[in-house]
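Only one structure is covered here, and it is reproduced in the block below.
Protein chains get the first letters and strands the later ones, always in sequence-line order, with residue 1 at the start of each. What you see is a predicted model, and the numbers here were worked out from it, not measured in a lab.
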Protein chains: 2
Amino acid sequence: MDEPVPPSRQRIVAGAADMISRRGLNATSIREVAKHAQTPLGSTYHYFPGGKQQLAAEAVRFTGDAVATRLRGMLRAGPVDGLLALLALWRGVLTGTNFQAGCPVLAVSIEEPADDASPEVLAVAAAVFGGWEAQFAASMRLHGADSGTAEPLATLVIAAIEGAVAMCRAQRSTQPLDRVAAQLESLVRAAVDNPARATDQGVDQPAPSDHRDRGGATHDPGSLLSHRD
Amino acid sequence: MDEPVPPSRQRIVAGAADMISRRGLNATSIREVAKHAQTPLGSTYHYFPGGKQQLAAEAVRFTGDAVATRLRGMLRAGPVDGLLALLALWRGVLTGTNFQAGCPVLAVSIEEPADDASPEVLAVAAAVFGGWEAQFAASMRLHGADSGTAEPLATLVIAAIEGAVAMCRAQRSTQPLDRVAAQLESLVRAAVDNPARATDQGVDQPAPSDHRDRGGATHDPGSLLSHRD
DNA sequence: GTTACGCTATGACGGGCGTCCTAGCCAGAG
DNA sequence: CTCTGGCTAGGACGCCCGTCATAGCGTAAC
């Protein structure tokens, strides 16, 4: 909760990631990031001489690494558990912030660079998305999924989750994410359970029972992005 | 092509939608919208006394209606054709703008209102998403999909497309959207082709042959959002 | 011709922005 | 003790923002 003193560079990056996930990149000002991190404005340009571009890029990478680490842990229990952990993570971000925060990687991907800036942030975002997909696809292949199936399905998983998180924010409800979750789960299950074919189609909803917030992520909504609202 | 004189209110709304789809809501300034629409700044507050909030809400509704109209036309040929048309439409927006424009509805959903503004824009965005889903679900039910299957699948379709469009912008490639497209197509096909069950699973990719830009939308990339780059 | 009104045109206001710069502080090395 | 260098502190520059007020224009009604 209160680490002794994170070198205040970390706090700046984490705060920037949090603010970007709420308001988008262009609406996130360095002044407010510094204030939120209890850091003088000058320190920001000391740590990030590249200015806002560099800070945004590091914030995206920070989030990407944090999610990848959690994902890696849960993927050791199989692709389905990894998927459930990922879903629980974003669900926790939404409910833990009253639907005010989302995915900073998506937020950055959606705003074209102002004028001058080279799309460095975009490249980082693309790399983060690609990394998540690759982790997922590798895990599915490891558990018997066809090579030609794993990668596109991993893309679908990430895209559907990202889109659903945004839709959840619009309608202030986790319904889109829950609906997407059920279908993604049965798709992944069908892709890895039966290496060749299925006796029943793996398209319908898995069961009338809803699967609440399992996933075993022991998710702390404040650890991915510091949100003090 | 060159309408006589769209009452310049239309141009403001369309320009705002286009700009929001590129830079996000907070980075879209009323001054630039007015300039882009060749309209004095004062006219903006004449037409939209509610200020930026009202303009943004109308821009989102405008985009939502434009897409819904196209979708309605293609859905008369069945859900699969509607899906293909929707995919072709967003694909055209991406390629027609060099991956600089996306979906303004998603863009608006992702930025929390500044401080004062009530989430009017968010409500409109939620309604637009809901409308698209409802159109799609109704078409699938009409073509034999289970009631409990059509609605979640419609949500998955919209979420996956929206997320994929954002990912395409990040990596400046239509690969995510193409991958998502193939899988969504077989999912929808499986949901409507066989009212009860399938002889082959409807999860894998439909066929090794890629389905290029059919969809018959006769898509003009400049008609949804005026993009003059 | 005159009047009324929708729209144009312009400028001002207060404020926040990204960026940079220059002192100042203060621990640790010599 | 002196000195060095990473970090703090705060101010300044020029620019753009959302909003509003007010005067001018044109056309259509009477």
For [X], give me all partners under side chain to side chain contact (heavy atoms under 4.5 Å, CB included), at least two apart in sequence or on another chain.
{"X": "B:S139", "value": "B:L75, B:P79, B:H143"}
{"X": "B:T95", "value": "B:T174"}
{"X": "B:A68", "value": "B:R72, B:W132, B:Q135"}

Query raised in the report: Any salt bridge between A:R76 and A:D81, counting N to O under 4.0 Å?
Result: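 Answer for the salt bridge query: no.
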Query - Value rounded to 0.5 Å, distance of CD in A:E185 from CG in A:L87 - result: 8.5 Å
Report task. Enter the distance from B:L89:CG to B:L84:CG here, rounded to the nearest 0.5 Å. Result -> 12.5 Å
**Report entry** All pairs passing salt bridge (Lys or Arg N to Asp or Glu O under 4.0 Å) where residues 26-46 of chain B contributes a residue, at least two apart
**Finding:**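 Listed by first then second residue: B:R23-B:E32.
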Query raised in the report: Do any pairs count as a salt bridge (Lys or Arg N to Asp or Glu O under 4.0 Å) and have a residue in residues 36-45 of chain A, sequence neighbours left out, and if so which ones?
Result: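 Checked against salt bridge (Lys or Arg N to Asp or Glu O under 4.0 Å) - neighbours excluded - no pair reaches residues 36-45 of chain A.
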Query raised in the report: Phosphate oxygens OP1/OP2 of D:dC17: is one of them under 4.0 Å from a side-chain N or O of B:S29?
Result: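 Yes, because at least one side-chain N or O of B:S29 sits under 4.0 Å from OP1 or OP2 of D:dC17.
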Query raised in the report: For C:dT8, does OP1 or OP2 lie under 4.0 Å from any side-chain N or O of B:S43?
Result: yes
Atom-pair distance ([atom1] on [X]; [atom2] on [N]), nearest Å:
{"X": "A:Y47", "N": "D:dG6", "atom1": "OH", "atom2": "P", "result": "11 Å"}
{"X": "A:K52", "N": "C:dT19", "atom1": "NZ", "atom2": "C1'", "result": "12 Å"}
{"X": "B:H46", "N": "D:dG24", "atom1": "NE2", "atom2": "P", "result": "19 Å"}
{"X": "A:K35", "N": "C:dC17", "atom1": "NZ", "atom2": "P", "result": "8 Å"}
{"X": "A:I12", "N": "D:dT8", "atom1": "CD1", "atom2": "C1'", "result": "11 Å"}
{"X": "A:R23", "N": "C:dG16", "atom1": "CZ", "atom2": "C1'", "result": "12 Å"}
{"X": "B:N26", "N": "C:dG16", "atom1": "CG", "atom2": "P", "result": "15 Å"}
{"X": "A:Y45", "N": "D:dG10", "atom1": "OH", "atom2": "C1'", "result": "15 Å"}

Cut-off 3.5 Å, no hydrogens considered: what does the side-chain donor-acceptor table look like for residues 44-52 of chain B, sequence neighbours left out?
unit_1 : atom_1 : unit_2 : atom_2 : d
B:T44  : OG1    : B:L41  : O      : 3.3
B:Y47  : OH     : B:S8   : OG     : 3.4
B:K52  : NZ     : B:L25  : O      : 3.4
B:K52  : NZ     : B:T28  : O      : 2.9

Could you list all N or O pairs between the protein and nucleotides 24-29 of chain C that sit under 3.5 Å apart?
none

**Report entry** Contacts of A:Q54 that satisfy side chain to side chain donor-acceptor pair (under 3.5 Å) - sequence neighbours left out
**Finding:**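 Partners of A:Q54 by the side chain to side chain donor-acceptor pair (under 3.5 Å) criterion, ordered by chain and then number, come out as A:E58.
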I'd like a table of atom pairs between the protein and nucleotides 26-28 of chain D - only N or O on both sides, under 3.5 Å - with the distance next to each one.
none

Show every donor-acceptor pair shorter than 3.5 Å between a side-chain atom in residues 152-171 of chain A and any protein atom, with sequence neighbours excluded, or say none if there are none.
unit_1 : atom_1 : unit_2 : atom_2 : d
A:T155 : OG1    : A:E133 : OE1    : 2.5
A:T155 : OG1    : A:E151 : O      : 3.2
A:T155 : OG1    : B:R179 : NH1    : 2.9
A:R169 : NH1    : A:S21  : O      : 3.1
A:R169 : NH1    : B:I110 : O      : 2.8
A:R169 : NH2    : A:R22  : O      : 2.9
A:R169 : NH2    : A:Q100 : O      : 2.8
A:R169 : NH2    : B:I110 : O      : 3.0

Report task. Compare all side-chain heavy atoms of B:V128 with those of B:T63 and state whether any distance is below 4.5 angstrom. Result -> no
Requested in this report: Mind checking A:Q38 for me? I need base, sugar-phosphate or nothing, with any heavy atom below 4.0 Å counting as a touch.
Outcome: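 Nothing: the residue A:Q38, judged by heavy atoms under 4.0 Å, touches no strand.
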Query raised in the report: Using a cut-off of 4.0 Å on non-hydrogen atoms, how would the nucleic acid contact of B:T44 be classed: base, sugar-phosphate, or nothing?
Result: nothing
Query - Letter per nucleotide, 5' to 3', of nucleotides 10-15 of chain C [B base touched, S only sugar-phosphate touched, - untouched; heavy atoms, 4.0 Å] - result: B-B---
